[in-house]
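Working notes, beginning with the structure itself.
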Amino acid sequence: MADILKHSDELGNVLVQVQDDLRQLKRSLGRITFQEKGESVDLQALDTAIRRTESGIRRRAEQYQKTVNRQVLILPSIEDLEKKKADVQIPKWRPPLESIPHMHHQRGQSVGASPGEKHKAALAMRLLYNPVHPKNRTLMHQNYGIQLPGLRKRSATIVKLKMFSLLALPEKTWRGQREVIWGKDPDLSHGHGRERPSTWTIHTPPTSASSKSSEHRQMTRLAPLNPQCLPALASISISKLSFTILEGHINPMAPDFCRFKQHYCLCWGLLVEVLLGLESLLRQYAVPIARVNGERLVQLSGDLNWAVGRGGVSWLERLLSAMENREEVWDLVYRPGQRYRGEGGTEAAAVRIQSCWRRHRARNAYLRHRHRKWAAGTIAISWLMHAQLGRVRKSLQESRRIHLDNYRIRGQYLSANWKHIQASRRTIIHIPSLGYSQLQRFSLKGFDILQNVQMGRLCDVRDENVQVIYVSPVRLGDDVFQYYTRLLGLQQRGGARTTQASCTKRFTILTPDALEDFPTHNMCLSTLLKYSPRTLRRIRNLIQGQHAYMVGGVAHLDDLAVADELGVPLLGPEPAVARLYSTKSGGRRIFTGAGVTVPPGQWDIYSLQQLHETLAQLMTDHMEVRRWLFKMDSEMGGRGTAYCDVSHLNCSTWAQQEYSHHSPECWRKAWAQEPVLMKYVEEVPEWLSSYAQPVKTSCYPTWACFLDTFLRQGGVVEGYPPSDSVTCLTVDLLLQPDGEVTVLSCGDQLHGPSELETAGSSVPQTSVCPDALHTLCLRVGQACLQRHITGHVSIDLATFLDPRTLEQQVWAVDLDLSYSNQLAMTQLMLMVTGGSLDCRTSRLEVALAKPFLLQKGSKDTAVGFPLVSHFSVASHYAVLGSRLLHTNLSMVHYSVFFQMCKAQGIGFDIKEKQGTVFVLHDSCERYSLGMVTVSDDLQGALMTFARNLSVIHQEVSAPNMQGETNFKVRC
């Protein structure tokens, strides 16, 4: 059998050699072209003959080898245990495959064996079927005489692994195989001289492409080693299985690579693809030297996911993890531009440049598209918003036009029926709204409480024909409601006090239901009421079938909306007219039109140059004025006022000397004023920036801040009275719709911490002749009526003695087209005293009861019973403080506050109509209140007012907690 195998192997080698010779002859003849005797040689026919011969020889060789292999590769059958004991010899030649059933039949013929022998036989069969068992070789030799070679542990599965190695190669490799080379396996031929195919060598013949030739060369280099060299390398240690790759190429003849290839020859198919990828990577990045760890490489090849994301960062990291000099290779691979220094670098650079350029163009095109899309969307949304805003504006304009038309129609009705309404039972709807601009509303601390300081409007119920509906901007607790109920019950008529129940029925306090919906918007009260449908519905129910009209505060457009919603006339000017003439410039226009004296000054100033030039001219024309005031048009309460003293000018002394050299008539000429005017123009800018000071530094801390707002809103410049003793007074007028002017209140102002701040007033006024004051007020009132201004108007006046003539001068300095705090406090004072204020004579007359005992024998009553027979009229004075602030008051409840006042003797005497009455503004904060003191003389009222402030401050303050207050009043 060994001879047959030998001949078969030799025959196979010969056939292979013949095939190679024929193939070489084919390639040689393919390159020959010649002519013989004018005829061409038909090489294609010769090639066909060669192919036919090659095919026949291969077919016969395969049939011969199949016959021989069928005889040699079949193991002998296993005999029975009895034949094994008889030392039956194994024949050298076994029958073919067809005889196997017969042998199985013979194997089953042994009978009569003991159970122990059967067990041993079964155990032996299991060991024979397990080729990797240590006793398999011994049993094979003992039972069948077959001496198997001493193979390593992996030799039992060498055929399967080598076949698996072939199948593990890439599909393009094993599909492109062209031939099988047979060789000797010295391990398997040991003992019996058996020869068998040992390994596969894949030859991929080159095509026309150079890349395929390179792949063929690489596959040839990485083919498994010839098995003849395996015994010499079997003793190599695993720790020495590293090899080196130079310039991206593996040297197949290098000893370290041969050791690695020999050790892993059984799984070489799995390693080939990894090695090819590693070589390609190192060539692409021009890595000069790389040391590969064989164990890591094998572990990497065993990972089925090692090729996932080929070309990516994770794939690159997995390949480089098999490197021993990983850091060096890593730094080189990640060096910028290194990829373009290696194999295919020029093509990669070109691709990279093209891709970057295409990306740049695509990115720019996308950005342009996105920008155009955004622009189109923005334009579309803007147009839609513009169209919607236009529709809303038209709707608002239409609704406001309707409100204005209805206001004018109802105003005409009110004007025609005013006297009838005043003589009938009527309802007055008081809405103390402050319709300031949004910026001003947000800049005012406690804006809601500021709108509620006119609680004295409730005192209109002292007229028995009047019912009052008061809309409060803050929610009032039961304590405040009960306080006003008792306060309004103090009125006396004919010696008998009206009952509290009667007064309770004639006043109603309402709060807008939208108050909680807009807690931080600082809306004016009219706007809140506009968005309060339930409150409006309740007011309509209360005034149904009665004469009613609405009295507002500072005019706002929503006043017209509320009046139209309620269907009642508004006692007041149109909002546009009120905005025009309630400014400082508008007030000076009315005063000028009325022919009353105004301070020297100029209005409607909107630029810095205009301010400097106007001020210099005014200072030159009025050398007697020692202080100049700057007032913003739209501010209120002294917030928008600043001042600057002429004494700070460097040229003031020289200017006064120049002025003294000329008579007053001569000084009015331009040539006399020119030197001083030029000097003023030069020094005024620096003078203002250095010495001008705002009055309310909490609102405008510096002159620069004040000046910026002043020039933006516009304002006036006017002189301060040239006197050391200046008294300011306030007069409240009612411009009735029928054209009559009524003076309701007049009082001298009480100054606060500054001469330009007002803290209260004393009623009646005692500074100006009543007749002159009444005449002045009537002229201003008529000027307002000519400009369609009706309702409540407040005039601020300043009086002083002229230092040159020593005559009293009265200047009209300010005009407010709204219901004033002084008028509300006056109404309260008249309510608690039961008196009357005659502004024509400046007298506050109070009726005092004089009880006496009747004579004996009277038929009307018992002897000695006191009766009131008549009233004596006395003249009283009152001091009004509309808004007194003290932060420590918020820590004291009203009940405790009144007990404290009672303990200190602060109260009101009903009989004498003297004492103190407080005005409560809210139930929550409680840091603000109003106070009225009444006495039979002015000094007594002022002293009581000052004492009350001092006592309250001491009671609510501690040495280490003084709080913030405006209790400092200058009488």
Fill in: Exceeds 12 heavy-atom contacts within 6.0 angstrom, atom CD of Gln609
no
Discussion item. Between Asn966 and Leu885 (side chain of the first, backbone of the second, donor and acceptor by atom type, cut-off under 3.5 Å), is there such a pair?
Written reply: yes
Discussion item. Can a donor-acceptor pair be found, under 3.5 Å and without considering hydrogens, that links the side chain of Glu574 to the backbone of Ala576?
Written reply: no
Worksheet item: Does the side chain of Met636 come within less than 4.5 Å of Leu444's, by heavy atoms?
Response: yes
Discussion item. Determine whether Val554 and Tyr436 satisfy the following criterion, side chain to side chain contact (heavy atoms under 4.5 Å, CB included), listing intermediate values before the conclusion.
Written reply: CA-CA 7 Å; Val554 178; Tyr436 299 137; 3.9 Å; yes
Discussion item. Is the distance between the ring centroids of Trp603 and Phe591 under 6.0 Å?
Written reply: no
Discussion item. Tell me whether Ser395 contacts the main-chain N or O of Arg391 through its side chain, where contact means a donor paired with an acceptor under 3.5 Å.
Written reply: no
Item to complete: Over all heavy atoms of both residues, which pair between Ser761 and Leu750 is shortest? Give the atoms and the distance, please.
Response: N-CG, 3.8 Å
Worksheet item: Please walk me through it: do Asp558 and Met523 pass side chain to side chain contact (heavy atoms under 4.5 Å, CB included)?
Response: CA-CA 11 Å; Asp558 289 335; Met523 291 182 175; over 6 Å; no
Worksheet item: With under 30° as parallel and over 60° as perpendicular, where do the rings of Phe706 and Phe710 fit, or are they tilted in between?
Response: parallel
Worksheet item: Is it true that Lys584 and Glu635 make a salt bridge, defined as a side-chain N closer than 4.0 Å to a carboxylate O?
Response: no
Discussion item. Would you say that His751 contacts Cys728 through its side chain, given a criterion of any heavy-atom pair below 4.5 Å between the two side chains?
Written reply: yes
Worksheet item: With side chains defined as the heavy atoms from C-beta onward, is the minimum distance between Thr511 and Val474 less than 4.5 Å?
Response: no
Practice prompt. Flag the pair Trp811 / Phe800 as yes when their ring centroid distance falls below 6.0 Å, and as no otherwise.
Written response: yes
Discussion item. For Gly586, is there any backbone N or O sitting under 3.5 Å from a side-chain donor or acceptor partner on Thr583?
Written reply: yes
Practice prompt. Check whether more than 12 heavy atoms from other residues, nucleotides or ligands sit under 6.0 Å from atom CD of Gln962, and answer yes or no.
Written response: yes
Discussion item. I'd like to check Asp517 versus Tyr531 (side-chain heavy atoms, cut-off strictly below 4.5 Å). Are they in contact?
Written reply: no
Discussion item. If you count heavy atoms of other groups shown closer than 6.0 angstrom to CZ of Arg393, is the number above 12?
Written reply: no
Worksheet item: What are the two closest heavy atoms between Leu536 and Glu565, and how far apart are they?
Response: CD1-CG, 3.6 Å
Fill in: Taking every non-hydrogen atom, the tightest pair across Arg588 and Pro599
NH2-O, 2.9 Å
Discussion item. Please check this pair: side chain of Ser433 against backbone of Gly552, looking for a donor-acceptor N/O pair closer than 3.5 Å.
Written reply: no
Worksheet item: Would you call Val676 and Tyr659 a side-chain contact if the rule is heavy atoms closer than 4.5 Å?
Response: no
Fill in: Derivation and outcome, side chain to side chain contact (heavy atoms under 4.5 Å, CB included), residues Gln673 and Asp621
CA-CA 8 Å; Gln673 296 180 355; Asp621 292 338; 3.1 Å; yes
Worksheet item: Any chance NE2 of His648 has more than 12 other-residue heavy atoms, nucleotides or ligands included, within less than 6.0 Å?
Response: yes
Worksheet entry | Donor-acceptor contact below 3.5 Å, side chain Arg779 vs main chain Gly595 | yes
Fill in: side chain to side chain contact (heavy atoms under 4.5 Å, CB included) between Trp687 and Leu615, intermediate numbers included
CA-CA 11 Å; Trp687 172 61; Leu615 182 58; 3.6 Å; yes
Worksheet item: If you take all heavy atoms of Leu570 and Ala563, which pair is closest and at what distance?
Response: CB-CB, 4.4 Å
Item to complete: Any chance you could lay out the salt bridge (Lys or Arg N to Asp or Glu O under 4.0 Å) test for Glu718 and Lys631, step after step, and finish with the verdict?
Response: CA-CA 8 Å; Glu718 64 183 28; Lys631 298 180 180 180; 2.5 Å; yes
Discussion item. Under a 3.5 Å distance rule, please check whether Gln451 uses its side chain to pair with a backbone N or O of Gly553 as donor and acceptor.
Written reply: no
Worksheet item: Under a 4.5 Å cut-off applied to non-hydrogen side-chain atoms, are Tyr720 and Val646 in contact?
Response: no
Item to complete: Locate the shortest heavy-atom distance separating Pro473 from Asp448; write the atom from each residue and the value.
Response: CG-O, 3.4 Å
Worksheet item: Less than 4.5 Å apart, any side-chain heavy atom of Leu889 and any of Arg926?
Response: no
Discussion item. Is it the case that over 12 heavy atoms from other parts of the model lie below 6.0 angstrom from the CD atom of Glu674?
Written reply: no
Fill in: Option passing side chain to side chain contact (heavy atoms under 4.5 Å, CB included) with Leu778 (candidates Leu773, Val741, Thr742)
Val741
Discussion item. Do Leu649 and Tyr680 have side chains that approach each other closer than 4.5 Å (heavy atoms only, starting at C-beta)?
Written reply: yes
Fill in: Which atom of Ala578 lies closest to which atom of Ala555, heavy atoms considered
CB-CB, 3.6 Å
Worksheet item: Ignoring hydrogens and geometry, is there a side-chain-to-backbone donor-acceptor pair from Gln822 to Thr730 under 3.5 Å?
Response: yes
Worksheet item: Counting only N and O atoms by type, is there a donor-acceptor contact under 3.5 Å from the side chain of Glu683 to the main-chain atoms of Lys679?
Response: no
Fill in: Thr887 (side chain) donor-acceptor with Glu964 (main chain) under 3.5 angstrom
yes
